[in-house]
Amino acid sequence: MIKMDEYMKRKIKGKKYIGAGGTRVVYDLGNGYVLKIAKSKKGIICNQMEVNLYKSSLKPIKKYLAQIIDYDAAYRWVTMKKYDRKFPNSPIYRRELMKIVKKFLGNGIIPSNGVGQYHKPHTPNLRLKRNNQIVVIDYGGFKYDNK
């Protein structure tokens, strides 16, 4: 378990708890952004993956990744844009997700099972932008294809 320092405690004081996964806790900062805080070393690895993937991706890929605004140099936390619109688990959107997954794979990025299994996606990891474009809000479990 990673110890929360005073800086992080101040950052989340009075902020709305959104939820937690196995490795991270998420808070709504109330300003259109969320804060993902690592709970463990694995959480740090997930934060680091998100930062590295977001920073290194070109526009055709980056547009499908939740925007990262700020992060801790040690990857203990990441601040991302908040996307509220739920992913509609319908055949049309699953087909669109399939195309996105193929774009990721074509660019050497292996999506986590929750996103990569587009026939049965883990919808909490997906949202829609205002223009109805799918955006992945949790890509900490993605991997680079090291062929």
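The shortest distance between side-chain heavy atoms of Ile37 and Arg76 does not fall below 4.5 Å. Side-chain contact between Val115 and Pro121 is absent, with no heavy-atom pair separated by less than 4.5 Å. Within the 4.5 Å cutoff, side-chain heavy atoms of Phe87 are placed close to those of Ile134.
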Listed pairs under 3.5 Å, donor-acceptor, residues 16-23 side chains, sequence neighbours left out:
unit_1: Tyr17; atom_1: OH; unit_2: Ala20; atom_2: N; d: 3.4

Donor-acceptor contacts under 3.5 Å from residues 59-70 side chains, at least two apart:
unit_1: Lys62; atom_1: NZ; unit_2: Tyr54; atom_2: O; d: 3.4
unit_1: Tyr64; atom_1: OH; unit_2: Lys103; atom_2: NZ; d: 3.1

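Legend: residues meeting side-chain hydrogen bond (donor to acceptor under 3.5 Å, both in side chains) with Arg95, ordered by chain and number and at least two apart, are absent. Annotation: salt bridge (charged side-chain N to carboxylate O under 4.0 Å, His left out) contacts of Lys99 (sequence neighbours excluded): Glu96. Remark: Tyr33 engages no residue in a side-chain hydrogen bond (donor to acceptor under 3.5 Å, both in side chains) (not counting sequence neighbours). A search for side-chain contact (heavy atoms from CB on, under 4.5 Å) contacts involving Lys55 returns Val51, Tyr71, not counting sequence neighbours.
In this structure, Asp72 contributes its side chain and Ala74 its backbone to a donor-acceptor pair below 3.5 Å. Between the side chain of Asn47 and the backbone N or O of Tyr75, at least one donor-acceptor pair lies under 3.5 Å.
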- Working for side chain to side chain contact (heavy atoms under 4.5 Å, CB included), residues Tyr139 and Ile109: CA-CA 10 Å; Tyr139 46 98; Ile109 300 162; over 6 Å; no
- Give the intermediate values and the outcome of side chain to side chain contact (heavy atoms under 4.5 Å, CB included) for residues Val78 and Leu35. CA-CA 6 Å; Val78 173; Leu35 180 69; over 6 Å; no
- Query: How far apart are the C-alpha atoms of Met98 and Lys102, what are their side-chain angles, what is the distance that settles it, and do they pass the side chain to side chain contact (heavy atoms under 4.5 Å, CB included) test?
  - Reply: CA-CA 6 Å; Met98 177 182 72; Lys102 287 181 177 179; 4.0 Å; yes
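At a cut-off of 3.5 Å, with distance as the only test, a side-chain donor of Tyr144 or Ser56 sits close to an acceptor on the other residue.
Applying the salt bridge (charged side-chain N to carboxylate O under 4.0 Å, His left out) test to residues at least two apart or on different chains, the pairs with a partner in residues 18-33 are Arg24-Glu50, Arg24-Asp138, Asp28-Lys82. Legend: side-chain hydrogen bond (donor to acceptor under 3.5 Å, both in side chains) pairs involving residues 109-137, not counting sequence neighbours, sorted by first then second residue: Arg85-Asn132.
At least one cation-pi condition fails for Lys36 and Trp77: the charged atom is not both under 6.0 angstrom from the six-membered ring centre and inside a 45 degree cone around its axis.
Other cluster members for Tyr83: Val135, Ile137, joined by side-chain heavy-atom distances under 4.5 Å among Ile, Leu, Val, Met, Phe, Trp and Tyr.
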